[in-house]
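Whatever order the structure lists them in is the order used to number ligands and atoms, beginning at 1.
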Amino acid sequence: MRLSIARAVLMSRLPGWRAGVRLAAVMASRQVDDVIVVGGGIIGLSIAREAARSGLRVRLFDKGELGGEASSAAAGLLGPQIDLEEEDPLAALGLASRDLYPDFARSIAEESGLDPCLLERGTLVLARGAEEIRAIDRQASFQRSLGLEAERVGGEALRRLEPSLDPGLTEGLHLPRDWSVDNVLLVRGLGRSAERAGARLVEGTRIECLLVEGGRVTGVAAGAEAFRAGTVVIAAGAWSLEIGGDGVPPLPTRPVRGQMVCLGPSTVPVHPLHAASCYLVPRRDGRVLVGSTMERVGFDKRVTAGGLAALAAAAIALVPALADAPFHSAWAGLRPACEDSLPAIGGAGAPGLLYACGHLRNGILLAPITAQIVGRLLRGEDPGIDLARFDPRRFETPMGGRSTR
Ligand SMILES: Cc1cc2nc3c(=O)[nH]c(=O)nc-3n(C[C@H](O)[C@H](O)[C@H](O)COP(=O)(O)OP(=O)(O)OC[C@H]3O[C@@H](n4cnc5c(N)ncnc54)[C@H](O)[C@@H]3O)c2cc1C
């Protein structure tokens, strides 16, 4: 269908998704899928794999490369206990997801031929000074009251666990079930595995808006093309706020930059280490990831001299031998955040639409449980977990718009 010149001029003056909504209204549709997933990070790929494995016709779009954003920038800590010291709405979700990891990692390795290197060594949380020591004491007793394994270790016992530590560090918390995974390999494996299950993965295609007909989301628009599906799942990470439709305002997400320094190869440390100043995550190939900053600087993925210097100094203060490790590389990624720092999982806006975004610092950890929940919702089943705190409708205002504070 041809656009009138007046309409095209009008559209060219409308920013972002609003212009897309009008363009979509005049486009002819193409194939119909059961599910369209917008975003090929760990969340979107895990959902695509899960949905395809249950026999649904799935198509996933990514504006760039699969896993090219936060999911590859991450450190891969699977640590729901790392800073758990009081009731936390994320705890149950994180612990349930961690329990799914051994099977998740093993089946992805089998399906894809890529081992994501799940490292089940346990994480050490380190404390310096009276306040931090009190905090790990509180953590230990709170976690044990929940039946979780959390062992206070100090002095020689700590040194036996991790001989590379700075001698000034004498107090720690050993969390034997907080693990790590190589998220880059995992995301690559997930892509292969989702394709093998039948999902079609489309890179380099930016979804501009949702198609909404009769009050229902019926698909998405990309450039001059429309793609239809029974359900659209938005898993576009920090960019989820760019995707809306007629009468369906976008979910207010925002980016939180994290810078990362990679050192090595080095033989130390052996465990993932977590301290107030930084965390260290050893990889199987000898690299050591040092993270990370939490910065609200918009969609700016540059690393800064200050950020990298602070991370390197903090790493050496924990493990002095790292002063001699070669510098390997550095990068930054954009964590997807909702305004209350909790993820948004479930339906909102209109029938035919699900969200799975805003996983902030825990998207690698939360991928298996998010995929399981969204898979159940797609099949019309009970999600199996109380989603009230993660309901994307919590951002809707009485006027029907979305709070953008
Ligand atoms: C430095 C750093 C360290 C981290 N460490 C950890 C950790 O140790 N453990 C942990 O659990 N989590 C960690 N995280 C958080 C974790 O990386 C994220 O929560 C997770 O990757 C979010 O996954 P996602 O799929 O939602 O987003 P992303 O990985 O950002 O994927 C979103 C995808 O959507 C695509 N997209 C966006 N807009 C569109 C569009 N309009 N059309 C089509 N495609 C689109 C993007 O190209 C992107 O590929 C860390 C993050 C950072 C930055």
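Between Val181 and Cys117, the closest side-chain pair of non-hydrogen atoms is not below 4.5 Å. Side-chain contact check for Arg177 versus Thr123: every heavy-atom pair is 4.5 Å or farther apart. In this structure the side chain of Ile108 reaches within 4.5 angstrom of the side chain of Arg49, judged on heavy atoms.
With sequence neighbours left out, His274 forms a ring pair (Phe, Tyr, Trp, His ring centres under 6.0 Å) with Tyr279.
Where the criterion is an N or O separation shorter than 3.5 Å, residue side chain and backbone included, Gly67 fails it with respect to ligand 1. Between Ala73 and ligand 1, no pair of N/O atoms sits closer than 3.5 Å. Of the N or O atoms in Asp62, one or more lie within a sub-3.5 Å distance of an N or O in ligand 1. An N or O contact shorter than 3.5 Å links Ser71 to ligand 1 by distance. For Ala70, a nitrogen or oxygen atom sits less than 3.5 Å from a nitrogen or oxygen atom of ligand 1, counting backbone and side chain alike. Considering both main-chain and side-chain atoms, Leu366 never comes within under 3.5 Å of ligand 1 through any nitrogen or oxygen pair. Any N or O atom pair closer than 3.5 Å counts here, and Gly363 shares at least one such pair with ligand 1. Ligand 1 has an N or O atom lying under 3.5 Å from an N or O atom of Leu77, backbone or side chain. Checked against a 3.5 angstrom limit, the closest N/O atoms of Ile42 and ligand 1 fall inside it.
If you number the atoms of ligand 1 from 1 as listed, the ones under 4.0 Å from a heavy atom of Ile43 come out as 23 (O), 24 (P), 25 (O), 26 (O). Within the listing of ligand 1, atoms 7 (C), 8 (O) sit less than 4.0 angstrom from a heavy atom of Gly76. Which parts of ligand 1 touch Arg206 is read off a 4.0 Å heavy-atom cut-off, strictly below it: atoms 41 (N), 42 (N). Remark: ligand 1 atoms within the under-4.0 Å shell around heavy atoms of Gly333 are 53 (C). Per-residue contacts place Met260 under 4.0 angstrom from the following atoms of ligand 1 (heavy atoms of the residue considered): 1 (C), 3 (C). Heavy-atom contacts of Glu69 reach the following atoms of ligand 1: 30 (O), 46 (C), 47 (O), 48 (C), 49 (O) (cutoff under 4.0 Å). Under a 4.0 Å criterion applied to the non-hydrogen atoms of Phe61, ligand 1 contributes the atoms 43 (C), 44 (N).
With Trp331 as the aromatic partner, Lys301 does not meet the cation-pi criteria of under 6.0 angstrom to the ring centre and within 45 degrees of the ring axis.
Taking only non-hydrogen atoms, the option from Arg98, His274, Lys63, His359 nearest to atom 43 (C) of ligand 1 is Lys63. Distances from atom 22 (C) of ligand 1 to the heavy atoms of Gly41, Pro336, Ala337 put Pro336 nearest. Across the listed options Gly39, Ala74, Pro255, Ala74 owns the non-hydrogen atom lying nearest to atom 4 (C) of ligand 1. For the residues Ala236, Pro272, Ser240, the heavy atom positioned nearest atom 37 (C) of ligand 1 is part of Ala236. For atom 27 (O) of ligand 1, the nearest non-hydrogen atom from the set Ala238, Gly258, Gly237 belongs to Gly237. When the options Ala332, Ala367, Ser292 are ranked by their closest heavy atom to atom 1 (C) of ligand 1, first place goes to Ser292.
Between Thr370 and His359, the side chains place a donor N or O and an acceptor N or O closer than 3.5 Å (distance only, hydrogens not considered). A side-chain donor from one of Arg335 and Ser292 sits under 3.5 Å from a side-chain acceptor of the other. Neither side chain, Gln81 nor Glu149, offers a donor N or O lying under 3.5 Å from an acceptor on the other.
Atom CZ of Arg379 sits in a crowded spot, with more than 12 heavy atoms from other residues, nucleotides or ligands closer than 6.0 Å.
Under 4.0 Å is where a charged nitrogen must lie from a carboxylate oxygen, and between Asp285 and Arg287 at least one such pair does. A salt bridge is absent between Glu111 and Arg196: the closest approach of a Lys/Arg side-chain nitrogen to an acidic carboxylate oxygen does not fall below 4.0 angstrom. Asp340 and Arg394 are joined by a salt bridge, as a carboxylate oxygen and a charged side-chain nitrogen come within less than 4.0 angstrom of each other. Ionic pairing of Asp103 and Arg106 is present here: one or more N-O contacts between side-chain nitrogen and carboxylate oxygen are shorter than 4.0 angstrom. Salt bridge annotation for Asp33-Arg59: present, with a cationic side-chain nitrogen under 4.0 angstrom from a carboxylate oxygen.
Contact analysis puts Arg361 in contact with ligand 1, with a non-hydrogen atom separation below 4.0 angstrom.
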